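Contents: one structure, followed by commentary.
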Amino acid sequence: MKVPLLDLKVQNDALRPEVDAAIKKVLDSNGFILGSEVAGLEKELAEYCQTEFAIGCASGTDALLLALMAFDIGAGDEVITTPYSFFATASCITRLGAKPVFVDINSATYNLDIKQVEAKITEKTKAIQPVHLFGQCAEMDFLREIADGRGIPLVEDAAQAIGAEGGSKRAGDMGAIGCFSFYPSKNLGAMGDAGFLTTNDEALAKKLFALRVHGSFERYYHKWVGLNSRLDAMQAAILRVKLPHLDSWTEARQQNAATYRELFTDKGLTEAITLPTECENGRHIYNQFVIRVPERRDGLKQFLQDNGIGTDIYYPVPLHLQECFAYLGYRAGDFPESERASKETLALPIYPELTSVQQEFVVDKIAEFIA
Ligand SMILES: *Cc1c(COP(=O)(O)O)cnc(C)c1O
């Protein structure tokens with residue numbers, strides 16, 4: 001049996017006639033950049049995220065960059081964020097000449113340890129940028145309390161968290177700006193690169209709409225130096241076919257997570273490995289199902305690979321130890337929980353079309369390795 005980490009084929013095959021028709025419509029229109037498909041998708045995304053505005057752009061990375069640009073963040077400024085995330089979380093800060101100020105993670109959720117944030121705030125702090133890692137929201141109520149009183153905006157890296165909820169709010173509706181990615185491995189993936197932002201602030205939305213087209217409201221008149229970061233019509237048309245299925249895909253991921261919990265518990269494996277923590281009053285969308293394997297994680301990964309099971313490590317090197325950030329002066333030992341997580345975590349297949357037979361196979365093989 002083969003169990004890949006992610007298999008897009010079943011999902012894409014099922015939608016193929018609708019996707020073909022959507023692409024044909026765009027080809028027939030000869031309008032390829034922005035336009036009515038993008039505007040239509042933006043309206044549907046704002047509704048889905050329960051925000052006033054959604055702004056399409058070229059990728060999740062650009063969404064983060066645009067969000068920080070909307071707050072005029074640049075040289076001399078500091079942005080507080082997590083070192084345990086995808087690279088873009090920090091690179092968008094340094095690309096603008098600002099400094100990422102890292103705060104370690106909570107070992108249970110892998111999200112920012114909110115108790116450590118306040119001590120890192122200085123007069124240079126221009127934003128706090130939590131990540132809703134693996135599809136579970138950071139503790140935003142607490143962060144909002146610290147940030148709002150000081151007038152510091154919260155920028156959500158919600159790239160892995162479309163539709164995730166914490167308390168009564170949805171990802172993208174919890175801070176000043178939410179940043180999302182349609183990279184194919186996310187819960188809602190494009191057939192190429194794409195991303196979007198959300199906000200409830202009309203002035204910010206207007207600025208973001210301008211920043212994605214070279215900082216102009218009117219063509220050839222530039223108020224700011226923006227980016228060329230537009231969402232193309234073909235991706236928007238494809239995403240409009242997929243969006244109505246997102247909730248059922250997310251529910252299938254949640255069902256798969258529940259099945260893993262049962263299987264791991266039934267086989268008595270919950271001592272040797274730690275299952276993901278689900279926070280109360282939240283909606284975890286399980287972009288990834290990440291277990292913690294304190295001993296021989298790399299050996300287990302290899303063993304599973306030898307048995308046809310795909311896994312991955314998110315992330316093997318925490319951001320403060322990346323070569324390109326050596327100039328920031330961080331050292332090994334600075335963020336012990338992030339460093340431990342990079343040595344111990346392993347993402348298992350969780351995609352919606354995964355079958356319970358495949359899941360049993362995965363857990364059986366893990367049991368075999370541990371025995
Ligand atoms: C995927 C991802 C991004 C970047 O999105 P792209 O669309 O690949 O540019 C940023 N942050 C996190 C946490 C991600 O998972």
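Predicted model only: the values in this text are computed from it and were never measured. Counting convention: from 1, in listed order, for ligands and their atoms alike.
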List the atom pairs, with distances to 0.1 Å, where a side-chain N or O of residues 61-79 and a protein N or O form a donor-acceptor pair under 3.5 Å, not counting sequence neighbours.
residue, atom, partner, partner atom, Å
D62, OD2, S229, OG, 2.7
D72, OD1, K207, NZ, 3.2
D72, OD2, K207, NZ, 3.4
D77, OD1, K126, NZ, 3.1
D77, OD2, G74, N, 2.9
E78, OE1, T122, OG1, 3.0

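E202 is linked by a side-chain contact (heavy atoms from CB on, under 4.5 Å) to F53, K206, counting only residues two or more places apart in sequence or in another chain.
Residues Y330 and F335 bring their aromatic ring centres within 6.0 Å.
A single hydrophobic cluster is seen to contain both L231 and F32, as judged by linkage of ILVMFWY side chains at heavy-atom distances under 4.5 Å, directly or through other members.
In this structure, H284 and Y286 have parallel ring planes: the angle between them is below the 30° cut-off, well short of the 60° mark.
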Pairs of nitrogen or oxygen atoms, one from ligand 1 and one from the protein, closer than 3.5 Å: please tabulate them with distances.
residue, atom, partner, partner atom, Å
ligand 1, 5 (O), S181, OG, 3.2
ligand 1, 7 (O), G60, N, 2.8
ligand 1, 7 (O), S181, OG, 2.6
ligand 1, 9 (O), G60, N, 3.4
ligand 1, 9 (O), T61, N, 2.8
ligand 1, 9 (O), T61, OG1, 2.5
ligand 1, 11 (N), D157, OD1, 3.2
ligand 1, 11 (N), D157, OD2, 2.9
ligand 1, 15 (O), Q160, NE2, 2.8
ligand 1, 15 (O), K186, NZ, 2.6

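For the salt bridge (charged side-chain N to carboxylate O under 4.0 Å, His left out) condition, the pairs that include at least one residue of residues 10-26, sequence neighbours left out, are K9-D13, R16-D20, K24-D28, K25-E37.
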